[in-house]
Participant: 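Let me give you the structure first, and then I'll get to my questions.
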Amino acid sequence: MNLRVEGVSFRYPSGVLALDGIDLAIPSGQLLAILGENGAGKTTLVKLFNGLLRPSQGKVYIGDWDSAEHTTAALARRVGFLFQNPDDQLFERTLAREVGYGPRNLGASEAEVKRRVARALKLVGLHDMADAHPYDLPQPQRKLLALAATIAMDTPILVLDEPTIGQDEVGRGAISRILTDLHRMGRTLIMISHDMDFCAEHAQRMLVMLNGKIHVEGTTEDVMGQTKKLDEAEVAPPQLVRLAQALKMPGTPLTVDDFVDEYKQWRKKKKSK
Amino acid sequence: MIELKKFSYWYPGTEQSALDRVSLSIAEGEFIGIVGANGAGKSTLCYALSGFVPHFYNGETEGQHTFNGQDMASLDLGQLAGQVGLVFQNPFNQISGARFTVREEIAFGLENLGLPQNEMRARIDEALELVNIQDLAERSPFSVSGGQQQRIAIASILAMQPRVLVLDEPTSQLDPDGTRDVFTALSKLVSTRKITVILAEHKLEWLATFCDRVVALGGGKLRAEGSPQAVLSSEQMLRLGVGRTQYSEAAARLLRTKQLPVTLEQARKALK
């Protein structure tokens, strides 16, 4: 499902203008990363997608819906939301009930709820703990649980706010696999993250925000190559891009494989000169 | 300064030890990084090094645990609190909730030290400046973002001017700018005041750039210890679920070298 933002501004009751004239089209099935320093407006923007906030000006379309004509509850059927802090969205007594809460609320049959719970818990690797209490899990695993609860809603669009925060290599690997799966299933994925190495590896497109505006947008390779723009937005390129720049090597390698290939070619060319 | 010898610790009611015969000696003025997968014992080691184990968390211990040569368990908690500060992983655990502004929140700990007003003010201003949140001083600690709360939690401990500062993933919610502010502030304190900093962290590139020594944990055991490059470049980090920097990963595919680079500068030199 696609998503369109037209001429959107948002002002908090405190008077802070958090979004200032945003135009954006996210096609169906895209994996988009939204970057920018703390306070740039990233979280405010994505909260408009599921109606947690409503624009002060402009329109947000979720597929063929004008979001202004739908309640937050209705929008939740189209846009799933993983909060930055998992504790903002966990309140049930067991993992299974937590993950089942959303689908049950949407009116899914018990058999369907069970199926979705099992699948979502399996995806995040918590299926052995279905009867545990969410708060018996350490925070990084609570984040995976919150992700399972978001997945179980089966929404065509998912928003993930800082999915890799506090995760170790194992957790990052799990989230990486889940994103790849969801992407393959054709879901539209929007991720906010400061984890540049992770974004560079997974996102197809990137959007960099600065002071409530879109500062630069494009394919991941294109955006990661725009050193000056990234500097202005206080976004550091991923390690491999920085290394390529430090070596004065051409290209914008986003994965270790890319880097290795580009490095070998570059050395060969250098030698033949 | 802080010494663990074959130290084991069990949380109350658990059979599996959270720390298993850990031996570690920390000298004054060191900047030490702790790495490990989630559940490896990083937080528990932070609690032990700051005295929260056994003073706040009960449970069973075995082995030696000393602070300046004295048994940690026998030390007076009040005295210890003046010398060692712990920044929790989750800023919610740190922020008192009993104060209305960030300035008052940071004053909370200082009030208990019985400092004169002007000394308190000076310390608060310095702490705010160190983590770069002067502009938040009059805001409510609950009206700011998670990253900003994390900076407030760090400032509230810095204002206490402990000789030893233990931080459990203090930058998890911070953007790269905020992370740089925190590492720079800590490094400045180590070099100018000779305080000891112990830091559990997943951000390997930052640890490699700033720390004197890195300790790796796995399953409650100490698995590796040494210079950041020696520890963080080793293949063992993959098995421990710590991972490696992409500099190390790229170099591992391109170079035959005894020690892989772990920082940008090391990688640039190795590959140029």
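Residue numbering restarts at 1 for every chain, and letters A, B, ... go by the order of the sequence lines. From a predicted model like this one, the values you see are computed outputs, not experimental measurements.
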Participant: Where on B/Glu169 is there a heavy atom nearer than 4.5 Å to chain A: the side chain, the backbone, both, or neither?
Facilitator: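 Only the side chain of B/Glu169 comes within 4.5 Å of chain A.
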Participant: Pick one of side chain, backbone, both or neither for B/Thr179, based on which atoms fall under 4.5 Å of a heavy atom in chain A.
Facilitator: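 For B/Thr179, neither part sits under 4.5 Å from chain A.
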Participant: Do A/Gln139 and B/Gln89 have side-chain atoms, one donor and one acceptor, less than 3.5 Å apart?
Facilitator: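 There is no such pair (donor and acceptor under 3.5 Å, judged by atom type) between the side chains of A/Gln139 and B/Gln89.
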Participant: Side-chain contact, heavy-atom cut-off 4.5 Å: B/Leu271 with A/Trp266?
Facilitator: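 When only atoms from C-beta onward are counted, A/Trp266 and B/Leu271 do not touch, as no gap falls below 4.5 Å.
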Participant: Check whether A/Gln141 gets within reach of chain B through its side chain, its backbone, both or neither, counting any heavy atom under 4.5 Å.
Facilitator: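 Neither part.
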Participant: Nearest 0.5 Å, please: how far is NE2 in A/His194 from CG in B/Asp177?
Facilitator: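 Going from the CG atom of B/Asp177 to the NE2 atom of A/His194 covers 10.0 Å.
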Participant: If I measure from the heavy atoms of chain B, does A/Arg172 come under 4.5 Å with its side chain, its backbone, both, or neither?
Facilitator: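 Contact with chain B: none, neither part.
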Participant: Please identify, among B/Gly241, B/Ser43, B/Gly39, B/Ser172, the residue contributing the most non-hydrogen atom pairs under 4.5 Å to chain A.
Facilitator: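 Highest number of pairs under 4.5 Å: B/Gly241.
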Participant: Looking at chain A, which one of B/Gly243, B/Ala252, B/Gly178 has the largest number of heavy-atom pairs inside 4.5 Å, strictly under?
Facilitator: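 Ranked by contacts with chain A, first place is B/Gly243.
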Participant: Side chain, backbone, both or neither: which part of A/Glu162 has a non-hydrogen atom closer than 4.5 Å to chain B?
Facilitator: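 The answer is neither part of A/Glu162.
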Participant: Identify which of A/Thr43, A/Ile165, A/Val170 forms the greatest number of heavy-atom pairs closer than 4.5 Å to chain B.
Facilitator: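 Most heavy-atom pairs within the cutoff with chain B belong to A/Ile165.
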Participant: Could you walk me through whether B/Arg253 and A/Asp257 pass the side-chain contact (heavy atoms from CB on, under 4.5 Å) test, one step at a time?
Facilitator: CA-CA 9 Å; B/Arg253 301 261 301 270; A/Asp257 284 342; 3.0 Å; yes
Participant: If you measure from the Lys or Arg side-chain nitrogens to the Asp or Glu carboxylate oxygens, is any gap between B/Glu205 and A/Arg242 under 4.0 Å?
Facilitator: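 Here B/Glu205 pairs with A/Arg242 in a salt bridge, since their nearest N and O are under 4.0 Å apart.
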Participant: Do B/Leu254 and A/Val260 have side chains that approach each other closer than 4.5 Å (heavy atoms only, starting at C-beta)?
Facilitator: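 Answer yes - side chains close enough.
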Participant: Give, as side chain, backbone, both or neither, the part of A/Gln245 having an atom under 4.5 angstrom from any heavy atom of chain B.
Facilitator: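 For A/Gln245, no heavy atom lies under 4.5 Å from chain B.
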Participant: Look at the side chain of A/Gln239 and the backbone N and O of B/Gln246, then say whether any donor-acceptor pair between them is shorter than 3.5 Å.
Facilitator: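 Checked: pair present.
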